[in-house]
Number of protein chains: 2
Amino acid sequence: MNPHRVTLADIARGCDVSRATVSLVLRNSPLVAAGTRKKVEAELKRQGYVYNRAAANLRQRTSSSVALVVNDLSNPFFAEFAAGVDETLGAAGFVTLLGSTGESTEQQRRVLSTLNEHAPAGIILSPAEHSDGTELLGIVGAHTPVLVFNRQLSSAHWDFLALDNRRGARRATEHLLQLGHRRIAFFGGHADSSSCRERRQGHADALQAAGIAIEPQWLVESAPTRLQAAAQTGALFVRDPAPTAAVCYNDAVALGLMLGLNARGCRPGHDFSVTGFDDIPEAAVSLPALTTVATDPRARGRQAAERILERVRHPELVPCEMHASAELVVRDSSCPPPHY
Amino acid sequence: MNPHRVTLADIARGCDVSRATVSLVLRNSPLVAAGTRKKVEAELKRQGYVYNRAAANLRQRTSSSVALVVNDLSNPFFAEFAAGVDETLGAAGFVTLLGSTGESTEQQRRVLSTLNEHAPAGIILSPAEHSDGTELLGIVGAHTPVLVFNRQLSSAHWDFLALDNRRGARRATEHLLQLGHRRIAFFGGHADSSSCRERRQGHADALQAAGIAIEPQWLVESAPTRLQAAAQTGALFVRDPAPTAAVCYNDAVALGLMLGLNARGCRPGHDFSVTGFDDIPEAAVSLPALTTVATDPRARGRQAAERILERVRHPELVPCEMHASAELVVRDSSCPPPHY
DNA sequence: GGCCCCTTTTGTATCGTTCTAAATGGAACG
DNA sequence: CGTTCCATTTAGAACGATACAAAAGGGGCC
């Protein structure tokens, strides 16, 4: 590809030592004499040498990269996660190999096997919906440490980092209960996605603990986008009595619901309470500011990267399951029910 | 690092042919006999062979990766851009090496030299503010093709892909002029950032063409965030006559300004017109929906990746400058001035 | 001078591929 | 039966680095 890339041999020739010596200089070995080191360093600079890590990795049978596979960076949650991963990996001298699946298991197959050919030291994978753990194991092999993020896979010889969806949703629901709500919907998300199931479960836990039966018509599905959520607002009000509050699948849905409520002349934070999930930056500046469950995806990214580095350094470690706690952030979109 | 990674030699031994033959099978060479191919392929599957692209790249003096360096993925504009880059690179069989600078030139140095050691076929760089082109050239060397995105660098032997900030802002301003506005502010952004300067220039162009003088008090700075923008709203109204419309630095600023206007009892899209820049997803669903200039960062990412691949395939190509047109999207936040 | 020891340097094999040129082994031909 | 030719296969040297063991050079000591 290149006209000519400068190599160890060029430097060695240029200052009349052996390749081995130059290599020792590069790695700051105490073996080389001060004078020689000076001479070699000058030549390195003169010729504009750049280290070839691939060659070194090949010889040493090591790797200095970690693969990161997510659905889609345009989802801010994953973008933040990726930023956290890259930050930590970079600080440890590793480089991030990026791949995205777009929620397609087929593309996930392709991406994983391509990335795997680059022999990453480890893989951080947020699996596409409906992934088959055994199949994925077949693709990446048993060598490479994998950390699964966000969605559990059936066959789990792998590290797993999850948000505590269930407890997070439970906290949001309990908060609404404390404010005096009794008719609390769960709004948005696809019921067949695992994160939605878990959040619904947390919602159910809280209601059950309060001795309140769950009405199926208060479980409303919608695609997890603002627009779709806004369009589904009406579904909450088809039957009497309507709910007085909704725990939303995530912030996008919650913001959409607030739009939908406004359009019906119902003021969120006054006539109806709304909670979100994720605490995206907008949540703090919406009108009203959104009460939500913070997951801090950037910190999760750092955590994932740290764990995978740990695994790389100590391959004998036993896979573990980590549940990141999700904390409630109370703002203005939740209030006591009207006529309370 | 690994207990043992299966290599060509293992396969060769396993089915009693030479390494060379196995290599030919892997690359679908027409030279190998059908029977041999079958035998080898079976053995490949049996042992769970995975190709080592690093070794192949070393031998062939090629590379199958492209480095992508951005400020920060948590900015949705760059996240979308990255998604577009990765999509196109992935489809071409390349892998994306990620790096982020956080707008620090020092970190940019570090990140670039680390990435460069992995010998990427090309680099897509959205430079940190105040980058020194000559210095960067020193780091990456003259070998590797570089595409600079979004911010021009002084020393330009490199491809450059820019948004047409100036014309975009000009279009937005012309749109407001056509609606009948005469007192049009430029709101938000840091005046020392190049993109802000360019957009202000476009604003000035349009006003000048309409024979309208620019009032300095209508150029308001603010950090490019919703919150900061909302806080700066008052700065538009300190003097009489106040502007009747504002061209905003970007959508975040525009949304913030609309919040600030609402808080003053001034209804955007009725009493005051606002335009944004970027067309982030929220722009379409805000209230009122935001008139803005669409830059389609994902498409820009695809474009950047395509161009760099082109450069990789044809290193003799002359560096070029590409200005992506930015199109006005008219929605509800712009309207004729009151009492018109 | 010969011997030992210590510091510094180096030759050579190796990592897992691909490339080159050359070898192998039939079949076809005269 | 010896050639030629073709289709396959292969040995061995790269690629750019590192590891290992061994060599070289200089003191110091008897």
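Reckoned from all heavy atoms, side chains included, excluding hydrogens, waters and symmetry mates. So that the names make sense, note that chain A is the first sequence line, chain B the second, and so on, each numbered from 1.
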Is it true that Ser104(B) and Thr101(B) share a donor-acceptor pair across their side chains at a distance under 3.5 Å? no
Establish, from distance only, whether the side-chain atoms of Thr114(B) and Arg110(B) form a donor-acceptor pair under 3.5 Å. no
Once you round it to whole Å, what is the distance between P of dT17(C) and CD of Glu117(A)? 10 Å
Is Arg300(A) salt-bridged to Glu80(A), cutoff N-O under 4.0 Å? no
When you measure from the side-chain N and O atoms of Ser18(B) to the phosphate of dA11(D), is any distance below 4.0 Å, counting only OP1 and OP2? no
Can you check whether Ser131(B) reaches Leu136(B) side chain to side chain, under 4.5 Å on heavy atoms? yes
Nearest 0.5 Å, what's the OG-CD distance between Ser113(A) and Gln108(A)? 10.5 Å
Side-chain N or O of Arg27(B) versus OP1/OP2 of dT18(C): is the shortest distance under 4.0 Å? yes
Inter-end axis angle, the helix from dG1(C)-dC30(D) to dG30(C)-dC1(D), with every axis fitted to five base pairs (rounded, 10 degrees): 80°
Gln60(A) vs dC15(C): side-chain N/O to OP1/OP2 distance below 4.0 Å: no
From CZ of Arg37(A) across to C1' of dT9(C) the rounded distance in Å is 13 Å
Of the options dA17(D), dT9(D), dT17(C), whose atoms approach the side-chain atoms of Asn52(A) most closely? dA17(D)
Indicate whether OP1 or OP2 belonging to dC19(C) is found under 4.0 Å from a side-chain N or O atom of Arg59(B). no
Of the candidate nucleotides dT17(C), dG16(D), dT9(D), which contains the atom at the shortest distance from the side chain of Ala56(B)? dT17(C)
With rounding to the nearest 0.5 angstrom, report the CD to CZ distance, Gln303(B) to Phe81(B). 9.0 Å
Which part of the nucleic acid, if any, lies within reach of Thr7(A) when heavy atoms closer than 4.0 Å are counted: base, sugar-phosphate only, or nothing? sugar-phosphate
State whether Ser23(B) places a side-chain N or O below 4.0 Å from either non-bridging phosphate oxygen (OP1 or OP2) of dT18(C). yes
Nearest to the Ala55(B) side chain among dT9(C), dT8(D), dG16(C), which nucleotide is it? dG16(C)
Between Thr36(A) and dT8(C), does any side-chain N or O lie under 4.0 Å from OP1 or OP2? no
Rounded to whole angstroms, how far apart are CG on Leu31(B) and C1' on dC6(D)? 12 Å
Roughly, in whole Å, what's the span from CG in Leu8(B) to C1' in dA11(D)? 15 Å
Arg61(A) has an atom CZ; how far is it from atom P of dA13(C), in whole Å? 19 Å
Between P of dT10(D) and CG of Leu24(B), the distance in whole Å: 10 Å
CD of Glu135(A) to CG of Leu112(A): how many Å apart, nearest 0.5 Å? 9.5 Å
When you check the phosphate oxygens OP1 and OP2 of dT9(C), does a side-chain N or O of Thr21(A) lie under 4.0 Å from one of them? no
Nearest-angstrom distance from the residue atom NE2 of His143(A) to C1' of dG16(C): 14 Å
From CG of Leu26(B) across to P of dG16(C) the rounded distance in Å is 14 Å
Should the ring pair Phe149(B) and Phe78(B) be called parallel, tilted or perpendicular, given that the plane angle runs from 0 to 90° and is split at 30 and 60? perpendicular
Please work out if Ala20(B) contacts a base, only the sugar-phosphate, or nothing of the nucleic acid, heavy-atom cut-off 4.0 Å. base
Under 4.0 Å, counting only non-hydrogen atoms across every strand here, what does Arg53(A) touch: a base, just sugar-phosphate, or nothing? nothing
